[in-house]
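Positions are given from 1 along the sequence. Start at 1 and go down the list; that is how both ligands and their atoms are numbered.
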Amino acid sequence: MTKVLVATEKPFAEAAVNQIKSTFEKAGYDCRFFEKYESQDDLKKAVADADALIIRSDKITEEIMDAAPELKIVVRAGAGFDNVDLAAATAHNIVVMNTPGQNSNAVAELVLGMMVFQARNHFNGKPGTELKGKKLGIHAYGHVGKNVARIAKGFGMEVFAFDPFVDKADIEADSVSVFDNVEEMYSVCDYVSLHIPANKHTIKSINYTLLSKMKEGATLINTARKEVIDEEGLLKMFNKRNDFRYIADIAPGNREDIEKEFGDRCFFTPKKMGAQTAEANVNAGIAASNQIIAFLEKGDTTFKVN
Ligand code: 3PG
């Protein structure tokens, strides 16, 4: 019997767990859940007999693959796959996939929610500001960026984007204005929302040089990855510019220092929660399950990333 392991340090919502179970039951697969585990050693033991793996931000290293001799496919139920060693997967003949777009509305709703929270002074009762009429710059126009644009327009924001990898015409079709120069976008927008993946080109790319271009009173929102921020540059920006605000779903390593010094100009969620909705978990979990079945039954490699 084909064995699927759902290894989620941050578990899916109950509705998603039930639907994943019944999808695999119908296919005649054995599906086990390994949730809230505490160490890579525990994960290593759990993957020993797995043919297929569903994960979230769980780290899948070469060591984990070595401990999983039967493993044929890993599906990251979500967008970013920087937590999987792709080269090692290829060397182990393991297919890696993601489920693009399935959790993007959840992340986009959190972006706007956090923006309102910051604009209203963390709901402390003092007069804040409105989003209507403000300029929002979307840094990378993928599935999340597109949803952010849609929702921001509902707030009456003016929406801009920078993404050299997406056709300008496709972005403009959403009535979003395109910047060809990232620094220019940072310099005119009241809010900049990051949606870039973490890879060798983007890690620490949001540095002081770029941040210092931000408009007076601007807010940077990060629901993408902690690694894309140059944390020394971020600290410098907070120190040099007392009008700058930073809100993130993935707190920087120097979280305590920043919160202590600049509490009202920053906000960090306690745990990454952009994709933590029942709907996103169901969408991504079901997509991952179906992709595993389609791959193992028919060799379908749509969404393969390695
Ligand atoms: C993603 O890349 O899909 C998001 O960052 C969500 O990650 P999560 O599944 O760990 O919440």
Side-chain angles (χ1 to χ4, degrees), residues 4-17 19-20 33-38 40 43 53-61 64 74-86 89 96-114 138-148 151 163 165 193-203 205-206 220-229 247-252 268-292 302-306:
V4 181
L5 184 75
V6 182
T8 47
E9 182 274 319
K10 185 172 60 186
F12 286 126
E14 203 184 326
V17 169
Q19 292 191 47
I20 292 168
F33 284 77
F34 183 59
E35 299 173 325
K36 294 186 189 168
Y37 59 90
E38 281 171 7
Q40 288 296 98
L43 179 59
L53 200 53
I54 294 181
I55 53 159
R56 298 186 64 178
S57 289
D58 307 81
K59 275 208 170 358
I60 304 301
T61 58
I64 300 292
V74 176
V75 182
R76 193 283 190 238
F81 42 85
D82 47 303
N83 47 322
V84 182
D85 184 336
L86 295 187
V96 181
M97 295 185 188
N98 66 347
T99 65
Q102 300 292 347
N103 59 17
S104 49
N105 182 66
V107 180
E109 287 191 12
L110 185 74
V111 170
L112 273 296
M114 285 169 60
I138 299 177
H139 191 161
Y141 202 75
H143 293 282
V144 181
K146 198 175 169 72
N147 276 288
V148 169
I151 304 169
D163 193 331
F165 302 103
S193 188
L194 295 174
H195 300 291
I196 51 178
N199 58 40
K200 62 176 193 259
H201 305 290
T202 61
I203 287 172
S205 63
I206 310 303
L220 179 71
I221 307 111
N222 184 4
T223 54
R225 289 291 181 271
K226 162 186 188 291
E227 292 79 7
V228 302
I229 302 284
I247 50 183
D249 189 28
I250 33 310
F268 309 120
T269 53
K271 192 172 173 104
K272 185 172 154 213
M273 54 174 282
Q276 274 299 57
T277 66
E279 293 89 339
N281 289 175
V282 167
N283 293 343
I286 294 299
S289 310
N290 288 331
Q291 286 171 217
I292 286 175
T302 315
F303 305 118
K304 183 173 183 262
V305 295
N306 65 330

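- At a threshold of 4.5 Å between non-hydrogen side-chain atoms, the residues Pro197 and Asp82 do not count as touching.
- Remark: His195 pairs with no residue by the ring pair (Phe, Tyr, Trp, His ring centres under 6.0 Å) rule, at least two apart or across chains.
- Residues satisfying the side-chain hydrogen bond (donor to acceptor under 3.5 Å, both in side chains) test with Asn105, not counting sequence neighbours, are Glu109, Arg150.
- In this structure Phe81 satisfies the ring pair (Phe, Tyr, Trp, His ring centres under 6.0 Å) test with no other residue, sequence neighbours excluded.
- Side-chain contact, Asp249 with Thr269: a donor N or O sits under 3.5 Å from an acceptor N or O.
- Distance check, rounded to the nearest 0.5 Å: NE2 of His139 to CG of Asn222 gives 11.0 Å.
- Each of Lys10, Arg56, Ser57, Arg76, Gly78, Ala79, Gly80, Asn103, Arg225, Lys272, Ala275 has a non-hydrogen atom positioned under 4.0 Å from some atom of ligand 1.
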